[in-house]
Amino acid sequence: MNSSNYTYPDRDERLTSRLIQSYKETRWNLEEAYVFKKVKNTVLKENEKLTVSLDVGTGLGRLIPFLLSISTKVIAIDADLWRLRRAMEFFENEPNTFFLWTKGSRLDPLPPECVDFINYSHVAQHVSHYELLETLGEFYRILRDDGWLLLLTTHSEGKEWFLVSTENGIKEIKRNEYEKLTRNSQPGKLPVRKFDVNYLEALLRDFGFKIEWKIYYHIKPEFAPRDEIEKPKSFNENPSKRDPEQWVEEIIETLKSINSNEMDARRKALDVALLLRKG
């Protein structure tokens, strides 16, 4: 799949929506919020902000507010001009957000060592292996010394299989089939790569990144926190007495428990977050 000719077919793509629909939306969002909370606590010193963050594959800009909470300025880039224009409309009154249309994995308009933080959320699984390698090289080039990279992506349990959305539903294909698809992309189809996490970590180290921490999240429903946290424990309980912060804490404790066992965590989670530091 050549991203220079890429528009997101996932506007009408059923794979992600199918996954999200199998979860309680509140829990899905809380698990992601836990990841970002840990990022914030790791990269920021008290009463300080980073200078510039880069949102790669910003889409409609969903994560720009988080990036503005940790940095003074945000540069948002995307290959899909339609989505980028929509994001510009959403943030037209935000003077510290800037938008850049990119065609491909190179970031030539950005000079070396110009950003403090890069957010790369669920883009890696949609590009070819060659594009991923080029992108990681660009990230290392534009990050300042001791800069941060947050990489969020799908993963597999020690294997490399790939999910593809087709007219007939979702199917799983092997590596050689996936590579063929990325070389000859099908209009309106979005291949989703499931990474072998050991391979991904080794690749990132080869590029000079240090792994600060790793979190598995979006736990499969059958292993997730009980759904009762989203409603009163009994019909006689006053909902106003239920502390919303306690819901977050229950999610956090569950994720901590699951992530304490690496192999168990891989089996139970759809996604993985890696916080990396430029070496």
Side-chain angles (χ1 to χ4, degrees), residues 1-3 5-25 27-29 31-32 35 56-57 59 62 79-80 83 105 120-136 150-204 214-225 254-255 258-259 261-274:
M1 175 168 52
N2 184 349
S3 61
N5 300 314
Y6 189 58
T7 57
Y8 288 108
D10 59 339
R11 291 184 211 156
D12 303 309
E13 205 270 324
R14 294 172 291 174
L15 178 58
T16 302
S17 61
R18 174 179 166 180
L19 293 174
I20 294 176
Q21 286 170 9
S22 67
Y23 287 73
K24 292 283 187 178
E25 185 176 356
R27 190 178 71 234
W28 180 277
N29 293 335
E31 289 188 34
E32 185 177 67
V35 172
V56 179
R62 185 176 67 88
D80 185 343
R83 282 197 168 202
S105 49
Y120 195 46
S121 176
H122 293 282
V123 179
Q125 67 259 31
H126 298 317
V127 300
S128 69
H129 186 67
Y130 172 79
E131 287 180 291
L132 177 61
L133 296 180
E134 189 170 53
T135 296
L136 292 177
L150 176 63
L151 194 158
L152 303 101
T153 191
T154 56
H155 74 95
S156 65
E157 187 180 355
K159 300 178 181 178
E160 286 200 3
W161 282 77
F162 308 88
L163 293 177
V164 179
S165 180
T166 72
E167 295 298 329
N168 298 319
I170 314 305
K171 70 175 183 179
E172 202 167 24
I173 61 177
K174 293 184 178 180
R175 168 186 278 277
N176 61 338
E177 295 177 272
Y178 172 82
E179 296 296 346
K180 184 184 296 184
L181 181 63
T182 58
R183 286 194 300 268
N184 303 289
S185 58
Q186 302 174 8
K189 302 293 178 287
L190 183 64
V192 181
R193 181 175 187 173
K194 296 173 68 177
F195 282 99
D196 179 310
V197 180
N198 288 334
Y199 165 79
L200 185 58
E201 288 183 23
L203 180 64
L204 292 164
K214 171 175 54 184
I215 294 176
Y216 293 92
Y217 67 109
H218 288 153
I219 306 305
K220 292 179 181 178
E222 59 266 32
F223 301 115
T254 301
L255 288 174
I258 289 174
N259 278 277
N261 184 319
E262 171 94 5
M263 294 306 297
D264 197 38
R266 292 190 193 187
R267 182 173 63 88
K268 293 181 176 181
L270 294 174
D271 298 321
V272 63
L274 292 160

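Here Glu32 contributes atom CD and Asp271 contributes atom CG; the two are 9.0 Å apart, rounded to the nearest 0.5 Å. Interatomic distance, CD of Glu131 versus NE2 of His126, reported as 12.5 Å (0.5 Å rounding). Atom NZ of residue Lys214 and atom CG of residue Leu151 lie 12.5 Å apart, to the nearest 0.5 angstrom.
Residues that satisfy the side chain to side chain donor-acceptor pair (under 3.5 Å) test with Arg267, not counting sequence neighbours, are Asp264. Applying the side-chain contact (heavy atoms from CB on, under 4.5 Å) criterion to Tyr130, with sequence neighbours excluded, gives Ser128, Glu134. Residues that satisfy the side-chain contact (heavy atoms from CB on, under 4.5 Å) test with Ser121, not counting sequence neighbours, are Leu63, Asn119, Leu152. With sequence neighbours left out, the side-chain contact (heavy atoms from CB on, under 4.5 Å) criterion links Leu203 to Leu132, Leu133, Leu136, Tyr199, Phe207. For Thr153, the side chain to side chain donor-acceptor pair (under 3.5 Å) partners two or more places apart in sequence, or in a different chain, are Gln125. Residues satisfying the side chain to side chain donor-acceptor pair (under 3.5 Å) test with Lys194, not counting sequence neighbours, are none.
When every heavy atom of Val35 is checked against every heavy atom of Ala273, the shortest pair comes out as CG1-CB, 3.7 Å. In plain terms, the two heavy atoms of Leu255 and Tyr217 that are nearest each other are CD2-CA, 4.2 Å. Between Ala269 and Ile219, the shortest heavy-atom contact is CB-CD1, 3.7 Å.
In this structure the side chain of Phe195 never reaches within 4.5 angstrom of the side chain of Val272, judged on heavy atoms.
Checked options Glu31, His155, Glu262; the residue passing with Tyr216 is Glu262 (criterion: side chain to side chain donor-acceptor pair (under 3.5 Å)).
Counting only distance, with no hydrogens or angles, the side chain of Glu201 and the backbone of Asn198 share no donor-acceptor pair below 3.5 Å.
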**Study point:** Stepwise side chain to side chain contact (heavy atoms under 4.5 Å, CB included) test for His218 and Thr154
**Key:** CA-CA 10 Å; His218 288 153; Thr154 56; over 6 Å; no

